[in-house]
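Residue numbers count from 1 along this sequence. Source: prediction; values computed, not measured. The basis for the numbers below is simple: all heavy atoms, side chains too, and nothing from hydrogens, waters or symmetry mates.
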Amino acid sequence: GAARAAGLRFGVRVHAGSWTWRWLDAAFAADADGPRAGVGYDGNLTARDGAGTWWEGLDPADLYGRPRAHGEPPDAGFIDNFYARLEDLVTAFRPDLVLLDDARLPFDEGSVCPASPPSRCGLEFTAAYYNRFPDGVVDIKSVPPADREAVLLDIERHLPAAVESAPWQLETSIGDWFYSAGERYKPARQVIHMLCDTVSRNGSMLLNIVQRPDGTVDDECRAALGEIGDWLAVNGEAIYGTRPWATHGEGPTAAGTGSRGGAGALAREADLPYGPEDIRFTRGQDGAVYAMLLAWPPDGVATIVSLGEEAGLLGQAPRSVRLLGVEGELRWRRDPGALRVWLPQGSPGPQGPPVPPCAVLRVALLPGWPGPGRGEHLTGRER
């Protein structure tokens with residue numbers, strides 16, 4: 001209710017499926033040596049063992065499932081219980097997004113923990129969910145090309161190498177997945193750069209904000225969210241409702257790509273030293289091109305190679321260029337090598353305004369322009 005009252009989409013992230021069965025099968029083992037060798041772990045407890053304890057009346061089987069050997073495939077009872085609880089979750093909260101933390105639909109072929117034979121319960125759940133919530137989204141970690149129109153691809157803590165033909169979602173966090181006192185968070189600037197990189201590749205960002213055990217958010221996270229919100233208030237038109245352009249970006253500095261998981265996942269989210277050559281692009285619904293400058297050019301001139309004549313990507317001539325958040329049009333010149341844009345005087349820096357985490361240029365195009373679009377534009381004052 002609180003999320004929707006704030007105009008936000010509401011989603012749920014579900015782990016209690018394949019990973020529960022796979023990870024918790026260790027609960028039925030025992031130490032091989034030491035003073036408690038052969039004494040079974042908690043999975044071997046029964047409801048009777050709880051008599052006189054704090055967990056009296058609870059059944060460990062409701063948490064761990066039935067006793068099993070390591071690697072044993074899940075049974076129909078466990079699968080039916082998982083999907084019954086998932087259905088209850090959807091009925092109670094009517095989420096706009098259901099993120100299933102699995103390589104495929106849980107317990108189906110390709111799942112991190114497939115049943116034998118593979119379960120079709122995931123397909124039945126997905127079909128029923130879409131029938132009830134036509135605007136809803138089911139999100140999983142590994143999606144073959146043939147299934148990209150049925151479920152959303154979720155990529156954890158890295159980016160694809162180029163523009164994806166179908167929508168996808170970056171799943172990341174401002175820090176670790178859970179709260180840890182003294183943890184260093186990503187600065188707002190880095191999150192904004194990741195957002196620009198993601199949207200330029202046809203993705204959306206799902207950003208985890210860590211919470212204290214009581215559900216509150218600490219001051220550092222609040223400050224970062226405020227900075228991100230301030231940036232979106234000015235530059236959101238380059239993000240919301242946009243689509244990929246002919247190329248996602250240009251420049252020598254590339255955000256980390258590759259496979260999911262492992263220690264390298266965090267390294268791929270490093271705070272990169274972007275320079276003025278690093279630019280990302282999106283396309284507005286009216287055809288305008290947004291050029292997101294990941295660093296402010298020190299000479300005050302943005303040089304955008306992908307919008308030059310020789311790149312052959314623009315198709316139509318520029319009509320005007322403006323900097324989001326600043327009134328008036330900017331001076332620009334388009335030649336074979338690049339579109340060059342003179343940014344407003346008073347360059348950000350120690351002696352001037354703060355350096356923006358990402359300045360955004362909106363390049364409006366002339367409709368139906370047949371020629372190469374060569375020319376120069378001066379501001380009204382310079383005319």
Side-chain angles (χ1 to χ4, degrees), residues 1-25 27 43 55 57-66 73-115 118-143 147 150-156 167-173 177-179 204-217 260:
R4 291 190 169 107
L8 300 174
R9 294 285 189 174
F10 180 75
V12 293
R13 194 176 194 271
V14 180
H15 297 265
S18 303
W19 289 114
T20 297
W21 181 271
R22 169 182 276 190
W23 284 338
L24 296 188
D25 62 10
W55 53 277
L58 301 176
D59 188 348
D62 292 336
L63 173 62
Y64 297 108
R66 65 162 174 80
D75 55 48
F78 186 89
I79 296 170
D80 289 344
N81 179 269
F82 166 74
Y83 277 105
R85 290 184 289 117
L86 183 57
E87 176 64 26
D88 183 64
L89 179 69
V90 168
T91 299
F93 295 102
R94 303 175 64 84
D96 300 296
L97 179 141
V98 178
L99 197 165
L100 301 172
D101 190 28
D102 200 327
R104 297 299 302 279
L105 293 171
F107 311 115
D108 202 346
E109 183 178 0
S111 165
V112 296
C113 188
S119 171
R120 314 305 280 176
C121 290
L123 292 173
E124 295 171 3
F125 164 79
T126 302
Y129 173 76
Y130 286 148
N131 282 331
R132 292 175 61 188
F133 307 103
D135 293 332
V137 175
V138 173
D139 193 356
I140 58 177
K141 291 292 178 66
S142 180
V143 184
D147 294 346
V151 289
L152 183 68
L153 172 65
D154 180 270
I155 300 179
E156 185 175 327
W168 61 280
Q169 178 173 265
L170 170 67
E171 180 188 356
T172 188
S173 178
W177 293 115
F178 304 99
Y179 183 78
S204 60
M205 176 188 283
L206 181 62
L207 180 66
N208 177 61
I209 300 299
V210 295
Q211 300 175 358
R212 297 189 184 100
D214 63 0
T216 59
V217 176
R260 164 188 177 270

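Closest of all the heavy-atom pairs between Cys113 and Pro74 is SG-CD, 3.7 Å. Across every non-hydrogen atom of Ser173 and Asn208, the tightest pair is OG-ND2, 3.0 Å. Closest approach of Gly11 to Pro95, counting heavy atoms only: CA-CB, 4.2 Å. Contact record, Ser119 with Ala115: N-CB, 4.1 Å, taken as the closest heavy-atom pair. The two atoms that bring Gln211 and Tyr179 nearest to each other are O-CB, 2.9 Å, heavy atoms only.
In this structure, CG on Leu97 lies 8.5 Å from CG on Asp154, to the nearest 0.5 angstrom. The OH atom of Tyr83 sits 9.5 Å away from the CD atom of Glu124 when rounded to the nearest 0.5 Å. One finds the CG atom of Leu206 at 9.0 Å from the OG1 atom of Thr172 (value rounded to the nearest 0.5 Å). Remark: Arg132 CZ to Arg94 CZ distance equals 7.0 Å, nearest 0.5 Å. Distance check, rounded to the nearest 0.5 Å: OG of Ser142 to CG of Leu153 gives 7.5 Å. We find the CG-OG1 distance between Leu89 and Thr91 to be 8.5 Å, quoted to the nearest 0.5 Å.
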* Given the rule in the salt bridge (Lys or Arg N to Asp or Glu O under 4.0 Å) test, do Glu109 and Arg120 qualify, once you have shown the distances and angles that lead to the verdict? -> CA-CA 9 Å; Glu109 183 178 0; Arg120 314 305 280 176; 5.4 Å; no
* What do the steps show when you test Val14 against Leu86 for side chain to side chain contact (heavy atoms under 4.5 Å, CB included), and what is the final call? -> CA-CA 8 Å; Val14 180; Leu86 183 57; 3.9 Å; yes
* **Residue pair Asp139, Val151: steps toward the side chain to side chain contact (heavy atoms under 4.5 Å, CB included) verdict** => CA-CA 6 Å; Asp139 193 356; Val151 289; over 6 Å; no
* To do: Tell me, with the steps shown, if Val210 and Trp177 meet side chain to side chain contact (heavy atoms under 4.5 Å, CB included).
  => CA-CA 6 Å; Val210 295; Trp177 293 115; over 6 Å; no
* Determine, stepwise, if the pair Tyr64 / Asp25 fulfils side chain to side chain contact (heavy atoms under 4.5 Å, CB included). => CA-CA 7 Å; Tyr64 297 108; Asp25 62 10; over 6 Å; no
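Heavy-atom neighbours of Arg85 CZ from other residues, nucleotides or ligands within 6.0 Å: above the threshold of 12. In this structure, Phe10 places its CZ atom where more than 12 heavy-atom neighbours from other residues, nucleotides or ligands lie under 6.0 Å away.
Under 3.5 Å, the side chains of Asp102 and Ser111 contain a donor-acceptor pair of N or O atoms.
In terms of modelled atom types and a separation under 3.5 Å, the side chain of Tyr130 and the main chain of Val137 share no donor-acceptor contact. Checking side-chain atoms of Thr216 against main-chain N and O of Arg212 turns up no donor-acceptor pair under 3.5 Å. Panel note: side chain Trp19, backbone Asp101; a donor-acceptor pair is recorded below 3.5 Å. Looking only at distances, a side-chain donor or acceptor of Thr126 sits under 3.5 Å from a matching main-chain atom of Gly122. Listed for the Asp147 side chain is no donor-acceptor partner under 3.5 Å among the backbone atoms of Val143. Of the possible donor and acceptor atoms, none in the side chain of Asp96 sits under 3.5 Å from a partner among the backbone N and O of Gly136. A donor-acceptor contact shorter than 3.5 Å links the side chain of Arg22 to the backbone of Val112.
Using cut-offs of 30° and 60° for the angle between ring planes, the Phe82 and Phe107 rings count as perpendicular. In this structure, Phe78 and Trp21 have perpendicular ring planes: the angle between them is above 60°, well past the 30° mark. Ring geometry for Tyr129 versus Phe125: interplanar angle under 30°, hence parallel rather than tilted (30 to 60°).
Contact annotation: the side chain of Cys121 approaches that of Asp80 to within less than 4.5 Å [non-hydrogen atoms, C-beta and beyond]. Counting heavy atoms from C-beta outward, Val138 and Leu152 have side chains that stay 4.5 Å or more apart. Contact of the Leu99 side chain with the Gln169 side chain is registered, since non-hydrogen atoms from C-beta on lie closer than 4.5 Å.
Take Trp55 and apply the ring pair (Phe, Tyr, Trp, His ring centres under 6.0 Å) test, not counting sequence neighbours, and it matches no residue.
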